[in-house]
Structure formats: C-alpha cells, structure tokens
Amino acid sequence: MYPMIHYLIMENLENSTFLGQQEGEKIISVITPHQSVFALEYAKLVFVSLFLLTGFISLQKISPFFVPVGIIFSLFTLVVGFFLYRSLHSKRFTYITNRRIVRFEPSNAFIINNRSLTWDNVLKIKTFSSNFIWRLKNVGTVIIHSKTTSTSINSPDQVLLSNDDIVLKNVYFYKDLGNYIDKILYLYQHDPAGLESIHPFVNKNKGQRY
C-alpha cells in the first residue's frame, strides 16, 4: 500500500509546476495549510452571519421588513464568504525545491504574492504552535529565517522576523516539517546529490509516510 502512495506522490510532484520555476529546478515537496484552518475561518463567518441576523430581527419592531432582509443578507454573507475563503485557501501553496523555498500567499481574491528564499540564504528553522489546542492537533508555524535576521531571540515566546523570512502558518506536523527542512539544508550544504533521492514530505505519522 505505502509504495503505491509514494509512487502517486512522486508522480504528482513531477507533474507540478509553479510560476517562476527555474530551468532544471526540481520540486521536492508541496506544503499547504491544514484544512481545519478553513473550517475555523468559516465558523467565524457563521457567527458573524448569525450576529447580523439577530440584529436585523431585533429591528422588526420598527418594521417587519427587516426580518426577510436580515435572512437574505445573512445567507448572502455565508455563501459569498464560503467561496471567498475557499478561493483564498486553495491558493496558499509552498514549494520546496532543490534550490529554494517558495511561498504563494493571496492578499485578496485577485492578487497572489510570492516570496522565495534560496537555501544559501537560510540561517535557521524555528517551529512553534500558537496555542494548546493547535499543539494537540499537531498544527503550528514553521519559520525559515534568512541570514538577514541578525538580532538574536532571547525568549522562546518572542518571534523576530525580517522581511526576507518565510513563514508557513497552520502547517500539519509542523515539527516534522521543520526537521525535514533542516535535513534539506544539511544535504544542500554537504551532499547536494542526496537532494535528488530525498522523499517528499508527507503529513502523516512516522511509519505511515512511505
């Protein structure tokens, strides 16, 4: 079963491309945010819609016209918000290649920003989870610090960022991903040929990945 999964992963990676990919640049892994983040964003949207509906219903003493308007407006907010959130979530990709790490992050439904950092310019990797619940779900943040991050971090709770750093938020198995990127850095610096045979990162428990 696992060899077949590995074959399908490798086949998908070989067929993957991204905007700005260089000649001869090989995609090693593709990272996306955990799906629970989308569910949380939509849950917040449901709460806002219910709050708006309650506000319109409270105005029915002024005019009963506010009730149907509130229902229509709340449903409109839910539907439009759902497709907007799904569109933004589907455009968040990070590509790990044999030369660099490239992150694509939409600023709105029409504009996607990208940032890249070559392995030559990576200083260190930091991983953390924002709260206890996300830590239990094994969801957290991975920061790839660039060499322009010159000031030291004195507290484990302090996160210092430079404009060149790459931040991967809401990553599943974030600690394992941090270790995986550390391994890529080691291979890049000491055994570049090893990057050709490294497995892609799979967000599953150890022993179930390949």
Side-chain angles (χ1 to χ4, degrees), residues 1-35 37 86-127 139-150 161-210:
M1 175 181 177
Y2 296 138
M4 177 59 70
I5 293 175
H6 180 250
Y7 169 77
L8 292 174
I9 292 173
M10 294 301 296
E11 186 179 38
N12 289 334
L13 286 178
E14 289 176 358
N15 294 329
S16 296
T17 59
F18 62 87
L19 186 64
Q21 185 173 356
Q22 301 168 355
E23 182 70 25
E25 186 173 16
K26 177 184 176 183
I27 298 175
I28 299 175
S29 289
V30 181
I31 309 299
T32 58
H34 193 259
Q35 289 295 327
V37 178
R86 189 174 69 172
S87 174
L88 293 176
H89 190 73
S90 65
K91 295 174 182 176
R92 294 186 177 111
F93 284 96
T94 299
Y95 294 89
I96 298 176
T97 79
N98 58 338
R99 299 177 183 174
R100 56 182 173 156
I101 182 167
V102 185
R103 188 198 68 178
F104 290 87
E105 181 74 23
S107 56
N108 55 54
F110 307 102
I111 299 176
I112 302 177
N113 300 316
N114 72 293
R115 176 176 294 180
S116 67
L117 185 63
T118 61
W119 299 124
D120 282 326
N121 292 316
V122 173
L123 176 66
K124 60 182 178 180
I125 311 299
K126 180 180 177 63
T127 63
V139 175
T141 300
V142 178
I143 301 178
I144 299 90
H145 285 291
S146 71
K147 291 181 179 178
T148 57
T149 309
S150 57
L161 297 176
S162 76
N163 291 331
D164 297 323
D165 293 343
I166 301 288
V167 181
L168 310 181
K169 297 181 179 179
N170 306 310
V171 175
Y172 198 31
F173 287 94
Y174 66 101
K175 290 183 179 179
D176 292 341
L177 178 59
N179 293 332
Y180 179 81
I181 296 176
D182 272 329
K183 181 179 180 180
I184 290 177
L185 280 175
Y186 177 84
L187 291 174
Y188 182 83
Q189 295 169 358
H190 300 93
D191 183 20
L195 290 175
E196 298 300 320
S197 59
I198 189 172
H199 291 298
F201 181 76
V202 179
N203 51 6
K204 292 183 179 181
N205 290 315
K206 293 180 179 179
Q208 300 179 359
R209 294 177 178 172
Y210 309 110

- prompt: With a 4.5 Å heavy-atom cut-off, do Asn121 and Asp164 have their side chains touching?
  reply: no

field: Nearest heavy atoms of Pro33 and His89, plus distance in Å
entry: CB-CE1, 3.8 Å

field: Approximate separation, where rounding is to 0.5 Å, of Asp182 CG and Leu187 CG
entry: 11.0 Å

Straight-line distance of Ile96 CD1 to Ile166 CD1, nearest 0.5 Å: 11.0 Å

query: Are any of the side-chain heavy atoms of Leu117 and Arg103 separated by less than 4.5 Å?
result: no

- request: Could you walk me through whether Ile125 and Leu185 pass the side-chain contact (heavy atoms from CB on, under 4.5 Å) test, one step at a time?
  value: CA-CA 10 Å; Ile125 311 299; Leu185 280 175; 4.1 Å; yes

- prompt: Thinking salt bridges, do Glu105 and Arg115 make one under a 4.0 Å N-O criterion?
  reply: no

task: Kindly state each residue pair satisfying side chain to side chain donor-acceptor pair (under 3.5 Å) with at least one member in residues 188-197, sequence neighbours excluded.
output: Asp120-Tyr188

message: Ignoring hydrogens, what is the shortest heavy-atom contact between Thr127 and Lys175? Give both atom names and the distance.
response: OG1-CG, 4.1 Å

message: If I take atom CD1 from residue Ile28 and atom CD1 from residue Ile181, how far apart are they, to the nearest 0.5 angstrom?
response: 10.5 Å

query: Which pair of non-hydrogen atoms, one from Val102 and one from Ser116, has the smallest distance, and what is that distance?
result: CG2-CB, 3.8 Å

- line: Tightest non-hydrogen contact, residues Leu123 and Ser146, listed as CB-O, 3.5 Å

task: State the CD1-CG distance between Ile144 and Leu168, to the nearest 0.5 angstrom.
output: 4.0 Å

task: May I ask you to test the Lys26-Leu195 pair for a side-chain heavy-atom distance under 4.5 Å?
output: no

- prompt: Using the ring of each side chain (for Trp, its six-membered ring), is Tyr180 parallel, tilted or perpendicular to Phe201, with breaks at 30° and 60°?
  reply: tilted

message: Within the structure provided, determine whether Phe93 and Phe18 are in side-chain contact (heavy-atom separation under 4.5 Å).
response: no

query: With side chains defined as the heavy atoms from C-beta onward, is the minimum distance between Ile198 and Ile184 less than 4.5 Å?
result: yes

message: With side-chain contact (heavy atoms from CB on, under 4.5 Å) as the criterion, how do Asn98 and Glu25 come out once you've worked through the C-alpha distance, each side chain's angles and the decisive distance to 0.1 Å?
response: CA-CA 6 Å; Asn98 58 338; Glu25 186 173 16; 3.8 Å; yes

- request: Write down the atom of Asn113, the atom of Ile111, and the distance for their closest heavy-atom approach.
  value: OD1-CG2, 3.8 Å

query: Going through the checks in order, is the side-chain contact (heavy atoms from CB on, under 4.5 Å) test met by Leu19 and Asn114?
result: CA-CA 9 Å; Leu19 186 64; Asn114 72 293; over 6 Å; no

- line: Distance col, row Arg100:CZ vs Trp119:CH2, nearest 0.5 angstrom, shows 11.0 Å

message: More than 12 heavy atoms of other residues, nucleotides or ligands under 6.0 Å from NZ of Lys183: yes or no?
response: no

- prompt: Rounded to the nearest 0.5 Å, what separation is found between the NZ atom of Lys126 and the CG atom of Asp165?
  reply: 12.0 Å

message: When you measure from the side chain of Lys91 to the backbone of Phe110, do you find a donor-acceptor pair of N or O atoms at a distance under 3.5 Å?
response: no

